[in-house]
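Please read the structure below before turning to the comments.
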Amino acid sequence: MINLFKCGARNAVFMLDPEVAHGLTVKGIASGLMPRARHAVDDRLAVTAAGLSFANPLGVAAGLDKNGEAIDGLVKLGFGHVEVGTVTPRPQPGNPKPRLFRLVKDEAVINRMGFNNDGHAALAARLEKRKRHGVIGVNIGANKTSEDRIADYVAGIDLFSPLADYLTVNISSPNTPGLRDLQAREQLAKLLDAVADAREKAAVRLPVFLKIAPDLTEAGLDDIIAEIAGSTLDGVIVANTTLSRNGLTDEKQAGESGGLSGAPLFERSTALLARMRQRLGPDMVIIGVGGVSTGERALEKSAPVPTWCRSIPVWSMRGRS
Ligand SMILES: Cc1cc2nc3c(=O)[nH]c(=O)nc-3n(C[C@H](O)[C@H](O)[C@H](O)COP(=O)(O)O)c2cc1C
């Protein structure tokens, strides 16, 4: 696995503005000129979770390919699943630039993109056009100016159920004001009821995962666990970016607002993963995300706690550009 913070190509890539580098990365992968994965996937890496068959447990997390432009290229690179989005019903520009910052020494990134995306219709058209292969998830969210956020999630479930293999309900981005409030118990209960209802009515019944933040208080964690346990959700994605700035050395960039990802998120997100596994039991699907930059780090995600309660090993990473 390439760690861009350490590999030789990094100097060239790091001369570019981070968001420009991100855009070029997506375009490059979308061009189809990327090499195919060099090795055949070992059958022993195959994982079945939530009724889905993954060729291998390492996937791409939401945020790299928000608009589903590079899905086929990402599958060709060998990822076991590709999660596109977050997508909102209406297209929106996101926050003013600059909104993506590299913390090179910390092997981290801070972003406050704010769900910049082309909207439901554009992503649906791209998904309709492609020949289906690979496990593809659509990560759904709410527009910044939405008057009914729950309705935005329901619209995502209606539209993308026939077009994807799983759906992720993202309530954990720190960059849409008030979005994380949906993690509070009463709001979450309403949201999960609406999601369950929409999923039952949809043309195709897909697995639904909930993506949570790594910054939960004890009480907040208790609330989420109680709601998840009483819901029909198929799994939890742990976790989104953090608001914490603990342990950073790049003081200038650390002052930027937004969510922190990369190496400094590894411990926090893996500790939360372990707690979720202990609290939710061995059968709940948990997808570990945060600071996965090497094969070893990926493996640590599946064994953060004793063997008896290991997580089902499915992880996601975001390529850092
Ligand atoms: C630039 C950028 C954009 C992101 N956009 C989204 C998003 O739209 N939806 C989402 O659920 N997570 C988003 N994320 C969070 C990632 O999916 C992931 O949870 C987080 O970056 C931690 O993983 P990492 O340390 O491997 O990067 C974004 C992250 C970054 C850096």
Side-chain angles (χ1 to χ4, degrees), residues 1-5 17-23 25-26 58-68 74 79 81-88 91-92 94-95 97-103 106-119 123 137-144 153 156 166-176 179-180 182-183 209-215 236-244 253 256 258-270 272-273 286-294 297-298 300-301 314-321:
M1 193 187 295
I2 297 171
N3 179 351
L4 199 51
F5 284 95
D17 164 81
E19 193 167 344
V20 171
H22 182 156
T25 304
V26 174
L58 184 68
V60 183
L64 176 67
D65 186 12
K66 287 183 187 261
N67 295 308
L74 289 164
F79 287 105
H81 64 280
V82 177
E83 186 168 310
V84 298
T86 297
V87 66
T88 56
Q92 59 180 30
N95 289 321
K97 295 177 186 173
R99 53 193 181 179
L100 182 57
F101 306 88
R102 284 188 197 101
L103 290 76
D106 294 308
E107 299 186 16
V109 161
I110 290 175
N111 93 81
R112 52 169 179 269
M113 307 301 284
F115 287 171
N116 54 309
N117 77 102
D118 293 349
L123 176 59
V138 175
N139 177 309
I140 53 177
N143 277 113
K144 184 178 177 184
Y153 289 94
Y166 72 86
L167 300 169
T168 297
V169 173
N170 177 17
I171 49 170
S172 48
S173 166
N175 300 314
T176 295
L179 192 86
R180 282 184 170 192
L182 287 170
Q183 294 181 134
F209 303 140
L210 183 73
K211 185 164 179 180
I212 64 170
D215 305 323
V236 194
I237 302 185
V238 184
N240 215 312
T241 54
T242 178
L243 292 173
S244 162
Q253 299 285 63
E256 294 293 347
L260 174 75
S261 55
L265 179 60
F266 179 79
E267 246 172 62
R268 177 179 281 256
S269 57
T270 309
L272 179 60
L273 172 69
I286 304 182
I287 300 181
V289 190
V292 174
S293 54
T294 63
R297 293 236 119 164
E300 282 177 70
K301 288 278 183 196
V314 182
W315 327 283
S316 299
M317 66 174 291
R318 267 200 82 262
R320 262 168 283 289
S321 28

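Each ligand, and each atom within it, is numbered from 1 in the order the structure gives. Predicted, not measured: the structure shown is a model, and the values here were computed from it.
Residue Ser172 places no heavy atom under 4.0 Å from ligand 1.
Some N or O of Lys66 is nearer than 3.5 Å to an N or O of ligand 1, by distance alone. The shortest N or O to N or O distance between Gly262 and ligand 1 is below 3.5 Å. The shortest N/O to N/O separation between Asn139 and ligand 1 falls below 3.5 Å.
For Thr86, heavy-atom contacts with ligand 1 shorter than 4.0 Å involve the backbone as well as the side chain. When non-hydrogen atoms are compared, ligand 1 lies under 4.0 Å from the backbone of Ala239 (N, CA, C, O) but not from its side chain. Contacts between Asn111 and ligand 1, counted as non-hydrogen atom pairs separated by less than 4.0 Å, involve the side chain only.
Heavy-atom proximity to atom 1 (C) of ligand 1, evaluated over Val87, Thr241, Leu100, is greatest for Leu100.
Other residues, nucleotides and ligands contribute more than 12 heavy atoms inside 6.0 Å of the NZ atom of Lys66. The local environment of CD in Glu19 is crowded, with over 12 non-hydrogen atoms from other residues, nucleotides or ligands closer than 6.0 Å.
The OG1 atom of Thr176 lies 9.0 Å from the CG atom of Asn143; values are rounded to the nearest 0.5 Å. To the nearest 0.5 Å, atoms CD1 (Ile171) and CD (Gln183) are separated by 4.5 Å. One finds the NZ atom of Lys301 at 5.0 Å from the CZ atom of Phe266 (value rounded to the nearest 0.5 Å).
Ligand 1 places these atoms under 4.0 Å from at least one heavy atom of Gly291: 24 (P), 25 (O), 26 (O). Interface of Asn170 with ligand 1, defined as ligand atoms under 4.0 Å from a residue heavy atom, comprises 9 (N), 10 (C), 11 (O). Taking every heavy atom of Ala61 and a limit of under 4.0 angstrom, the matching atoms of ligand 1 come to 17 (O).
In summary, the side chains of Thr168 and Asn139 do not present any donor paired with an acceptor at a separation below 3.5 Å, with no hydrogens or angles considered. Looking only at atom types and distance, the side chain of Asn175 has a donor-acceptor partner in the side chain of Asn111 under 3.5 Å away.
Checked against salt bridge (Lys or Arg N to Asp or Glu O under 4.0 Å), Asp215 has the following partners two or more places apart in sequence or in another chain: Arg180, Arg268.
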